[in-house]
Amino acid sequence: MDEKRIKVLLIEDSVFDTKLIKDLCRESCSNQFELDQRENLSEAFKALKEKNFDLILLDLTLPEAEGLETLAKVNGRYPRIPIIVLTRTDDETLALKSVSMGAQDYLIKGQVDGVILKRSIRYGIERKQMEEELRKHRENLEELVAARTVELIESNKQLMQEISKRNSAENSLQAAFNQLKEARAQLIQAEKMEIVGRLASGIAHEVKNPLAIILQGMEYLARKIPSQQEDLATTFKFMAEAVNRADNIVKGMLDFSGVSLVERQSQEIIPIVEKSLVLMKHSFDLNHIEVIRDFKDNLPQVNVDKNKIEQVFLNLFENAVQAMAKGGKLKVRIWAEKVSENDEWVGKRKEDVFHPGEEIIKMEIEDTGTGIPENLLDKVFDPFFTTKRSIGGTGLGLSIVRSIMEMHQGKIKIINKQGGSGVQVVIWFKTEPRGG
Ligand SMILES: Nc1ncnc2c1ncn2[C@@H]1O[C@H](COP(=O)(O)OP(=O)(O)OP(=O)(O)O)[C@@H](O)[C@H]1O
Ligand SMILES: [Mg+2]
């Protein structure tokens, strides 16, 4: 058998039509085609199993199935073999439908000659081959795309992992950097305070005695002034006030430098706060300030110098009053709580002042005053920093407060209140063991 001959299977039940097609084949191209014929579909399927046909000529009016159903059956089983449909009628719609369902071409019996048949068979095979190549190409492409997609998903996953690793590394680096920055600021502050402290106590000692002599001298001279010399008396009064003011600064500097004696005793914190509030009562009333207390019961004791801690509260209340010139509210909260390891000022190292699980007394003092401009917040504890020089502020109040808190291993910070004007002072005290 010639391998190059095209193997055609004719599925046709009519003896007449079969003869017609065979004759056409013989007359135009017998050396190119090898034509087999079967009468029905089951016979045709058997033949298709046994032999590899290049093309099927399919009659659409077989007894087992009608019209397009026949085409669907054959095409369904052998989708790779091109099919040319044979119809008896000149039914354009049926012909077009069969092409849209997968037939390569259609021929109308009685209108076909050898040349048309030959051309239709050749084109049908070529088109099918092209379709097949296209299909394979598309399948190939789809496979490639699928493989590439898997690769991309994988590398995307890796990238996400990298990004999250890098983010967490960046976060820990940032945290370490912040810690370093804070430690550095604390060191600078501590050093600054030490220098200022030493300087202050030196100056204070030198200035205190001459001031005392001046005051004594002025008191002596004031007694000598004749009663009619009022202008002299007034001048002496102003001078005495100025000297007293200078003396106050000196006293403040000595307190700040921690030179004066600290006498610590185990005691309740609330009576100290209450006493400071009583001392300030006149000032609160004068400035229309309402005091709101929120003190919890059953607090542990603190080991403090009562007078010095009183000085802390007086300075803080004084500042609050000055910030609320038009009246306002002063809220004082005191409670005890156990600190957790994530709290500010808490660390696990020996040298840390507060340790996780330790019971402390916390205080919050809030006012409804002017607040502190953000750019000045880190300066308020500096000695001599004041925005109230014109009304006699020395700027020593908060530096004394901090110095006293440090003497007691306590902590203090000042922040602007969130959502509303005014400041919030946060204080932590170490406590005595309960029942001890
Ligand atoms: N409650 C507050 N509200 C607004 N600003 C405050 C408050 N407390 C402190 N400040 C600001 O901090 C500055 C420093 O306070 P600090 O108590 O050290 O000094 P002072 O009050 O100015 O003077 P002194 O206390 O020596 O009389 C103040 O001048 C003020 O600007
Ligand atoms: Mg003050």
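Order of appearance sets the numbers: ligands from 1, and atoms from 1 within every ligand. Just so it is clear, the values below take in all heavy atoms, side chains as well, and ignore hydrogens, waters and symmetry mates.
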How far is [atom] from its nearest protein heavy atom, and which residue and atom is that?
| atom | result |
| --- | --- |
| atom 3 (N) of ligand 1 | Ala323 CB, 3.2 Å |
| atom 17 (O) of ligand 1 | Asn319 ND2, 2.9 Å |
| atom 14 (C) of ligand 1 | Phe385 O, 3.3 Å |
| atom 31 (O) of ligand 1 | Thr387 OG1, 2.4 Å |
| atom 1 (N) of ligand 1 | Asp367 OD2, 2.9 Å |
| atom 11 (C) of ligand 1 | Val380 CG1, 3.9 Å |
| atom 28 (C) of ligand 1 | Lys388 CE, 3.5 Å |
| atom 22 (O) of ligand 1 | Thr386 OG1, 2.5 Å |

>> With a cutoff of 4.0 Å, is Gly371 in contact with ligand 1, counting heavy atoms of the residue only?
In response: yes
>> Measuring from non-hydrogen atoms of Gly395 to any atom of ligand 1, is the shortest distance under 4.0 Å?
In response: yes
>> Between ligand 1 and Asn315, is the shortest N or O to N or O distance under 3.5 Å?
In response: no
> To which of Leu398, Thr394, Ile372 does the heavy atom nearest atom 27 (O) of ligand 1 belong?
Replying inline: Thr394
> Leu9 and Leu48: which non-hydrogen atoms are nearest, and at how many Å?
Replying inline: CD2-CG, 3.7 Å
Report yes if some heavy atom in the side chain of [X] is under 4.5 Å from a heavy atom in the side chain of [Y]; otherwise report no.
| X | Y | answer |
| --- | --- | --- |
| Asp352 | Val346 | no |
| Ile427 | Ile361 | no |
| Arg333 | Met363 | no |
| Leu10 | Leu86 | yes |
| Ile365 | Leu330 | yes |
| Ile83 | Asp105 | no |
| Lys49 | Tyr78 | yes |

> Which distance, rounded to the nearest 0.5 Å, do you find between the OG1 of Thr386 and the CG of Leu376?
Replying inline: 11.0 Å
> How far apart are the C-alpha atoms of Lys411 and Glu406, what are their side-chain angles, what is the distance that settles it, and do they pass the salt bridge (charged side-chain N to carboxylate O under 4.0 Å, His left out) test?
Replying inline: CA-CA 7 Å; Lys411 290 283 179 193; Glu406 273 167 9; over 6 Å; no
>> Quick check on the Mg ion (ligand 2): does Gln322 put an N/O/S atom closer than 2.8 Å to it?
In response: no
Could you list which atoms of ligand 1 come closer than 4.0 Å to a heavy atom of [X]?
| X | result |
| --- | --- |
| Gly393 | 23 (O), 27 (O) |
| Val423 | 1 (N), 2 (C), 3 (N) |
| Thr370 | 4 (C) |

